[in-house]
There are 2 protein chains.
Amino acid sequence: MAEELKREQEAEPTTTPGAPGEVTMEKIVSLCKRRGLIFPSSEIYGGLGSTWDYGPLGVELKNNVKAAWWQTVVYGRDDMEGLDAAILMHPRVWEASGHVECFNDPMVDCKECKKRFRADDIAGQKCPECGGELTEARQFNLMFRTHAGPVEESASVVYLRPETAQGIFVNFDNVRQSMRQKLPFGIAQIGKAFRNEITPGNFTFRTREFEQMEIEFFVKPGEDEKWFDYWVEERLGWYHRYGIRPERLRLRPHGPQELAHYARACVDVEYLFPMGWSELEGIANRTDYDLRRHSEFAKKDLSYFDEEEKRRYFPYVIEPSAGADRATLAFLMDAYREDVIAGRPRAYLAFHPALAPVKVAILPLLRNRPEVVAMARNIHAGLRKRWKTIYNDTAGIGRLYRRQDEIGTPFCITVDVQSLDDGQVTVRWRDTTAQDRIAADHIPMYLAERLEAE
Amino acid sequence: MAEELKREQEAEPTTTPGAPGEVTMEKIVSLCKRRGLIFPSSEIYGGLGSTWDYGPLGVELKNNVKAAWWQTVVYGRDDMEGLDAAILMHPRVWEASGHVECFNDPMVDCKECKKRFRADDIAGQKCPECGGELTEARQFNLMFRTHAGPVEESASVVYLRPETAQGIFVNFDNVRQSMRQKLPFGIAQIGKAFRNEITPGNFTFRTREFEQMEIEFFVKPGEDEKWFDYWVEERLGWYHRYGIRPERLRLRPHGPQELAHYARACVDVEYLFPMGWSELEGIANRTDYDLRRHSEFAKKDLSYFDEEEKRRYFPYVIEPSAGADRATLAFLMDAYREDVIAGRPRAYLAFHPALAPVKVAILPLLRNRPEVVAMARNIHAGLRKRWKTIYNDTAGIGRLYRRQDEIGTPFCITVDVQSLDDGQVTVRWRDTTAQDRIAADHIPMYLAERLEAE
């Protein structure tokens with residue numbers, strides 16, 4: 001116990017400015033840059049407004065969030081198939097979906113300084129920059145346009161998809177037939193989407209390039225309300241199970257005037273970010289709008305033949321649509337904790353082990369003792385085949401512990417002189433800093449029980 | 001043995017047209033569509049030239065290829081960090097990289113029919129379509145252009161990245177500092193890139209939207225030739241270890257006139273596709289070109305201070321750049337086999353277990369016996385937490401085996417009446433169809449040894 005205390009006391013304080021315990025966006029942005037989670041994109045060129053790059057630890061965190069979602073909604077179910085459709089799609093897709101016609105924000109221009117603003121953001125009749133006269137509001141489409149092929153003509157216009165959902169709808173028959181699925185079943189997809197937002201911001205919360213985790217769940221008409229309720233509960237529960245504190249999550253049903261024209265119902269899962277309650281995921285009842293529209297525009301019947309009822313109908317669709325970047329940000333902010341260990345302030349990330357970027361750090365206590373180093377290296381070589389690991393001997397143990405706490409590594413393993421005699425190592429648990437002494441042979445089983453349990 | 005033979009005989013032939021045993025692109029394209037590996041993108045709208053969507057099994061295969069690469073080059077090494085940079089970058093990046101100036105193909109137009117052709121593809125002076133007169137060759141840039149923000153003016157032009165590499169170079173300092181790395185070390189990244197190819201084709205081999213797996217490995221000048229040789233061997237070995245037959249892989253060094261202007265050396269790893277030897281991956285010695293150019297264009301010193309030698313220099317860069325789609329296609333084509341089992345022709349995919357889309361199928365022999373179904377469901381529930389599984393009882397066992405063979409599932413587990421008495425199940429191995437009878441309790445260990453061994 002004295003030894004444990006001593007190790008923790010060697011640490012330096014890792015809390016950052018701000019009121020103690022308070023999670024601010026500034027603390028998180030600063031931590032992300034310093035510890036290799038998230039960097040401003042193209043930073044050496046002054047950045048590209050509201051675009052972000054995931055660093056070495058951020059890519060692990062985000063991949064773990066995506067893998068947890070995939071594990072739950074695809075591997076865990078018989079009634080779900082995965083998909084990975086291309087970002088570039090036939091332009092008629094976006095006519096059928098309604099995006100060419102309806103995916104607009106009203107914009108006004110200043111007649112004097114020529115600046116452009118979102119009409120919703122303008123309080124009065126004058127330009128907020130120069131006081132000049134404004135034009136009438138005009139529709140500005142939020143899709144990114146580009147051209148495929150060598151000639152820039154209207155026939156070659158393609159859009160960067162503004163949602164992954166349409167890649168699912170146009171593949172409905174291909175997936176159903178190849179996988180021999182019957183209703184109810186769903187198709188799940190993770191992928192990039194792009195929206196030319198006028199006012200992106202709040203770190204990675206609203207960006208022009210973002211990643212979605214979308215499900216389109218196809219059901220028999222009349223069973224859609226039951227399945228809608230099911231998916232609202234299921235998705236809320238997923239955030240709980242991966243560690244977000246229930247008091248920071250809420251459901252917000254959309255009012256009738258807020259619903260998209262094709263939607264019968266929509267509920268948002270919201271998280272209490274520093275800027276207030278904000279959407280992580282929307283669960284919508286899209287009715288049979290999409291399959292009907294694509295049948296019409298593609299002149300291909302996408303209705304479903306019900307073998308039991310011997311009749312054809314268009315399935316209804318329940319859509320749980322989550323943002324991978326927003327979920328990652330919520331897991332990150334919710335995991336941020338400050339406490340005091342052995343009299344010293346500490347900041348740590350209390351990630352669910354499945355989401356932690358690094359699962360285990362191997363920290364030899366004596367880098368100058370070849371036998372200790374050999375034993376630690378040997379343990380590391382075995383563990384890295386199965387988990388993301390770090391081997392570090394570049395500082396005192398207290399400081400190394402704090403560095404791992406700050407990036408949310410659940411377990412630290414130390415090898416010391418005693419280990420050479422008794423074959424045992426010390427395993428320290430991040431949240432409590434409690435330590436177990438276990439046989440080196442038992443490390444894989446010890447970790448598997450704690451890292452891979454559901 | 002008699003029982004095994006009987007099961008295999010229930011199968012129907014699964015080979016597709018073409019000379020027996022020959023792997024043709026047509027066979028693979030047909031298999032991919034039928035079994036949910038790869039679909040033509042936007043197919044209900046007639047497709048979008050040379051764009052493809054990964055179906056339920058294709059997304060698993062491609063994810064496994066990417067995970068195998070990440071496991072080897074990131075988790076398996078102390079000298080590599082991962083990254084996931086945005087697709088949209090500051091436009092100055094592409095001036096510094098040379099893409100705005102040099103990433104062109106020469107094109108000619110027909111003055112009569114107005115069609116455009118790649119100059120390299122034109123044999124004579126006349127239009128191959130109408131025989132009309134052609135213009136002089138003009139440069140056509142292969143980057144996709146679009147506009148970010150509400151106003152379409154030159155200041156808002158952004159490009160879809162034509163390679164992931166530049167996202168690594170501009171983050172060199174951010175990664176080095178946050179992860180406290182010293183030379184030699186590398187940064188690895190997987191992500192989408194886009195090139196407006198004039199002549200895409202050969203299924204997923206050459207597409208306008210594609211995914212790269214790139215490493216930029218930073219070394220001390222003078223050590224670059226040694227590291228270049230190291231990475232050529234390392235990357236060739238990776239394809240071998242994941243099951244590609246050595247006789248279908250070769251190294252092809254670039255001749256001096258073929259090298260990019262910044263490259264000192266380049267070797268392609270080529271695979272023998274049906275259309276001939278084609279590039280899977282290029283390993284290039286990029287010298288210090290990229291870090292020097294970005295230092296100049298961004299006015300930010302990206303040189304490295306060598307603590308041991310107490311001097312600054314620009315690191316040299318060895319770049320192993322692989323295509324995720326090409327690697328996936330090569331693993332798929334190389335795995336395709338035809339043989340005869342119990343007198344019946346069979347097609348199967350002999351994937352390395354780590355790459356197989358589905359790891360294990362649970363096939364209850366008697367779907368009408370509730371105890372058999374309960375035992376099979378129970379086994380399935382345990383295995384699906386760890387691996388991608390399929391539960392299937394919709395056909396006779398011989399047919400179910402063939403379906404799993406055709407998608408390359410390494411193991412099939414059958415539960416029968418005998419299982420209820422002795423607690424044992426039958427495990428069948430794809431390649432030989434040999435069967436083991438093992439205790440149901442031992443399935444996880446049995447599979448782990450065979451699926452997760454390196």
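Chain letters run A, B, ... following the sequence lines, proteins first, then strands; residues in each count from 1. Remember, it's a predicted structure, so these values are computed and weren't measured experimentally.
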According to salt bridge (charged side-chain N to carboxylate O under 4.0 Å, His left out), does anything in residues 36-55 of chain B pair up with another residue at least two apart or in another chain? List the pairs. B:Lys33-B:Glu43
Using atom types as modelled and distance alone, determine if a side-chain donor or acceptor of [X] lies under 3.5 Å from a backbone N or O of [Y].
| X | Y | result |
| --- | --- | --- |
| A:Ser178 | B:Arg35 | no |
| B:Arg92 | A:Tyr45 | no |
| A:Asn196 | B:Gly149 | yes |
| B:Thr146 | A:Arg145 | yes |
| A:Ser41 | B:Ala86 | no |
| A:Asp84 | B:Tyr54 | no |

Which one wins on heavy-atom pair count under 4.5 Å against chain B: [options]?
| options | value |
| --- | --- |
| A:Ile190, A:Ile187, A:Ile87, A:Asn141 | A:Ile87 |
| A:Val170, A:Ile198, A:Ile390 | A:Val170 |
| A:Tyr75, A:Trp70, A:Trp52 | A:Tyr75 |
| A:Asn63, A:Val158, A:Val175 | A:Val175 |
| A:Pro200, A:Gly36, A:Ala381, A:Ala298 | A:Ala298 |
| A:Leu142, A:Leu48, A:Leu37, A:Asn174 | A:Asn174 |

Sub-4.5 Å side-chain heavy-atom contact between [X] and [Y]:
| X | Y | value |
| --- | --- | --- |
| B:Asp78 | A:Arg377 | yes |
| A:His90 | B:Thr51 | no |
| B:Leu88 | A:Phe144 | yes |
| A:Ile44 | B:Phe297 | no |

At a 4.5 Å cut-off on heavy atoms, which part of B:Arg208 comes close to chain A: side chain, backbone, both, or neither? side chain
Of the backbone (N, CA, C, O) and the side chain (C-beta and beyond), which part of B:Leu160 lies under 4.5 Å from a heavy atom of chain A, both, or neither? side chain
For the interface with chain A, which of [options] has the highest count of heavy-atom pairs at distances below 4.5 Å?
| options | answer |
| --- | --- |
| B:Gly49, B:Ala85, B:Gly46, B:Gly55 | B:Ala85 |
| B:Glu209, B:Met89, B:Lys300, B:Glu81 | B:Glu209 |
| B:Gly58, B:Gly82, B:Ala188 | B:Gly82 |
| B:Gln177, B:Arg77, B:Lys62 | B:Arg77 |
| B:His294, B:Gln166, B:Arg386 | B:His294 |
| B:Gln189, B:Arg180, B:Lys192 | B:Arg180 |

Given that the side chain runs from C-beta out, which part of A:His380 has a heavy atom under 4.5 Å from chain B: side chain, backbone, both or neither? side chain
Is the NZ atom of A:Lys66 crowded by more than 12 outside heavy atoms at less than 6.0 Å? yes
